[in-house]
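Every chain is numbered from 1 and lettered A, B, ... according to where its sequence line falls, protein lines coming before strand lines.
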Amino acid sequence: GVVERSREQLLRQTCEAVVLGVLHPRTAITLVLQVLSDAGSLLSCCLNAACMGLLDAGLPLSSLFCGVTCALDANGAIVLDPTTRQEQEARAVLTFAIDSAERKVLTVTTKGNCSVEEMQQCLVAAQRAADTIFQFYRDSVRRRYSK
Amino acid sequence: FRTVEPLEYYRRFLKENCRPDGRELGEFRATTVNIGSITTANGSALVKLGNTTVICGVKAELAAPAADSANKGYIVPNVELPSLCSTRFRSGPPGEEAQAASQFIADVIENSQMIAKEDLCIANGKLAWVLYCDIICLDYDGNILDASAFALLAALKNVQLPSVTVNEETGLSEVNLKQKNPLTIRKHPVATSFAVFDDTLLIVDPTAEEEDLATGTVTIVTDDEGRLCSVHKPGGSPLTGAKLQDCITRAITRHKEVKKLIDKVIKSIKPK
């Protein structure tokens, strides 16, 4: 449907920004994402899966990226990685894709409305959370190759 | 030179902080809006952003509301990029860009709460309005999202819905075409698009050529109170938080300009 198309466009353009396509001319890279279960923060989960897939495939990347979802509840408190229930009750849900090189923002999508300050606060929180996720990437890759 | 090395051609202009069509980096193209041109639709608007031309027509139909939200009507946006607007689109099922644009417009309507779906309900659980908003691009010269959002806003402001009463005895609806009411638009979301060049430069309102050469795009939708309804950055070169903040401040200024334009146009239509 239309929702999947817009998600595909998002993922595709995020991956296109990091994959060094010049090193593989006349090549098509197909990324297939199958949702097994959705318990909230689906888009950031897809972004993380996509990045780890590209890592596992050994494709040359200019940087890694990770997806972080923030939900703003009615009081303005930031909830990172919300469940489906928290997402539905939230006033706004923001998803960021942060790159690993300089913690810059690769992708942003928002649902619901929020003020500019709240968005900046979520961005800072997301950048901090990105450190944890990149550490997880490192540990997983280490585990895979240390056997 | 322009056809052989378009990127270098553009870089030469960007170094002087301007663009080939003479605009500044933060300047929009001339925006014109024409309301009420389609008499067969309940509301319509034609928006021209430079060469980009988008027309939006709103048709209202009656339907039964969904079981889980018995007091809500429906708003169904659909963005079409037919092959007549540009050589890059072929006729056939809607391409990815059209579908992504439709989803973007649906998100803008949902996030900004510009129309409360409860307002569209006529009889709880029995009858509600469905607004089919068809946004058709007539000429594609970049920045389709801004133009579509603006056309939608102008068309919805122009919509006149006939009053409907449900006859208690027969249970049928009676539509009174002589008595019309406008829609209550609560918020006025305005979209502002930027193109990112070479990971550093941000230019506002890109043309089709600039979009092709850009390394990324950002679209920011703000509403009347300076709140963000949507920040849409589908991939592309990474931006720092500060750059994003610059985009947001520019978007807020643009909102004021657009709001003034819309108010002027609405006032100029003589009330029937």
Selection from A:V18, A:L10, A:L106, A:V124 maximising heavy-atom pairs under 4.5 Å formed with chain B: A:L106
Most chain A-contacting option - heavy-atom pairs closer than 4.5 Å, from B:P238, B:G241, B:A100: B:P238
Residue pairs meeting salt bridge (Lys or Arg N to Asp or Glu O under 4.0 Å), one or both in residues 71-80 of chain A, sequence neighbours left out, come to none
Identify the two heavy atoms, one from A:F96 and one from A:A126, that lie closest to each other, and give their separation to 0.1 Å. CD1-CB, 3.7 Å
With respect to chain B, which residue among A:A101, A:A97, A:C114 yields the maximal number of heavy-atom pairs within a distance under 4.5 Å? A:C114
Does a side-chain heavy-atom distance below 4.5 Å link B:C56 with B:V58? yes
Can you pull the salt bridge (Lys or Arg N to Asp or Glu O under 4.0 Å) pairs that have at least one residue in residues 30-56 of chain A, sequence neighbours excluded? A:D56-A:R144
Interchain donor-acceptor contacts below 3.5 Å (chain A, chain B):
residue	atom	partner	partner atom	Å
A:R12	NH1	B:E96	OE1	2.9
A:R12	NH1	B:E96	OE2	2.8
A:Q13	O	B:G236	N	3.4
A:V105	N	B:L239	O	2.7
A:V105	O	B:L239	N	2.8
A:L106	O	B:K233	NZ	2.7
A:T107	OG1	B:G235	N	3.1
A:V108	N	B:K233	O	3.1
A:V108	O	B:K233	N	2.9
A:T110	O	B:N111	ND2	3.4
A:T110	OG1	B:V231	N	2.9
A:G112	N	B:N111	OD1	2.6
A:C114	N	B:L228	O	3.0
A:C114	O	B:L228	N	2.6
A:Q120	NE2	B:Q245	OE1	2.4

Can you confirm whether B:L25 sits close enough to B:V204 that some side-chain heavy atom of one is under 4.5 Å from a side-chain heavy atom of the other? no
Got a sec, which pairs hit ring-ring contact (aromatic ring centres under 6.0 Å, His included) with one end in residues 11-68 of chain A, sequence neighbours left out? none
Selection from B:V218, B:V221, B:L239, B:V108 maximising heavy-atom pairs under 4.5 Å formed with chain A: B:L239
Would you check if B:C137 and B:V79 make a side-chain contact, meaning some heavy-atom pair closer than 4.5 Å? no
Side chain to side chain, A:L11 and A:L33, heavy atoms closer than 4.5 Å: yes
